[in-house]
Amino acid sequence: MPRAGVAQFNGSINWEENIAAVRRLSLRASEAGVNLLGFHELASTIYPPFKEDPALFKLAEPDTGPSVQAARAIARECGLVMVYPFFENDN
């Protein structure tokens with residue numbers, strides 16, 4: 001039977017810090033028996049929708065970007081289906 005969970009953390013513009021939080025929370029969820037885990041909007045970075053700052057666009061990445069690849073690896077490691085919203089650069 002599926003067991004769902006949600007996770008949230010304070011984001012950073014540094015994706016490595018965010019992915020460390022994703023890993024930590026994913027491991028904890030997996031240990032608790034969760035197999036479907038959803039993260040908050042734009043878990044890959046900060047949430048910039050209220051400020052249109054062109055400098056923030058550099059935080060966007062494609063679906064093959066480094067944070068997405070890392071999140072996929074974490075999901076496999078933890079045996080989870082993960083909902084990982086990221087700041088997508090779709091060109």
Side-chain angles (χ1 to χ4, degrees):
M1 178 169 208
R3 185 167 185 182
V6 294
Q8 187 170 3
F9 57 89
N10 289 330
S12 165
I13 61 170
N14 181 325
W15 75 266
E16 288 99 344
E17 290 177 20
N18 296 328
I19 208 68
V22 167
R23 186 171 194 285
R24 183 182 73 251
L25 294 169
S26 294
L27 286 168
R28 187 182 307 167
S30 178
E31 291 169 358
V34 170
N35 50 24
L36 171 60
L37 182 62
F39 283 91
H40 60 280
E41 191 168 9
L42 295 182
S44 64
T45 187
I46 59 172
Y47 189 75
F50 300 112
K51 183 176 182 184
E52 200 164 312
D53 181 352
L56 295 176
F57 293 141
K58 70 179 184 196
L59 302 175
E61 64 182 297
D63 63 1
T64 57
S67 81
V68 178
Q69 294 294 338
R72 286 179 179 142
I74 292 166
R76 278 191 300 275
E77 173 189 355
C78 295
L80 297 169
V81 172
M82 182 187 294
V83 177
Y84 178 72
F86 66 99
F87 191 5
E88 184 176 9
N89 178 348
D90 63 2
N91 285 332

Any donor-acceptor pair under 3.5 Å from Asn18 side chain to Gly11 backbone:
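Absent.
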So does Ala32 get a backbone contact from the side chain of Arg3, meaning a donor-acceptor N/O pair under 3.5 Å?
yes
Go through the steps to decide whether Thr45 and Leu56 satisfy the test side-chain contact (heavy atoms from CB on, under 4.5 Å), and finish with yes or no.
CA-CA 10 Å; Thr45 187; Leu56 295 176; over 6 Å; no
What do you reckon, is CZ of Arg28 surrounded by more than 12 foreign heavy atoms closer than 6.0 Å?
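Not more than 12 within 6.0 Å, no.
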More than 12 heavy atoms from other groups under 6.0 Å of CG on Leu27:
yes
Enter the distance from [X]:[atom1] to [Y]:[atom2] here, rounded to the nearest 0.5 Å.
X     : Y     : atom1 : atom2 : value
Glu17 : Asn10 : CD    : CG    : 11.0 Å
Gln69 : Asp63 : CD    : CG    : 8.5 Å
Asn89 : Phe57 : CG    : CZ    : 10.0 Å

According to a 4.5 Å side-chain heavy-atom criterion applied to Ile, Leu, Val, Met, Phe, Trp and Tyr, with indirect links allowed, do [X] and [Y] form part of one hydrophobic cluster?
X     : Y     : result
Leu80 : Val22 : yes
Phe86 : Leu42 : no
Phe39 : Val34 : yes
Val68 : Leu37 : yes

Got Ser26 and Ile74 here, is their nearest side-chain heavy-atom distance under 4.5 Å?
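When only atoms from C-beta onward are counted, Ile74 and Ser26 do touch, with a gap below 4.5 Å.
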List the steps and the verdict of side-chain contact (heavy atoms from CB on, under 4.5 Å) for Gln8 and Leu25.
CA-CA 8 Å; Gln8 187 170 3; Leu25 294 169; over 6 Å; no
Of all residues at least two apart in sequence or in a different chain, which pass the ring-ring contact (aromatic ring centres under 6.0 Å, His included) check with Phe9?
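Per chain and number, Phe9 pairs via ring-ring contact (aromatic ring centres under 6.0 Å, His included) with His40.
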If every non-hydrogen atom of Ser67 is compared with every non-hydrogen atom of Ile19, which pair is closest and at what distance?
O-CD1, 3.6 Å
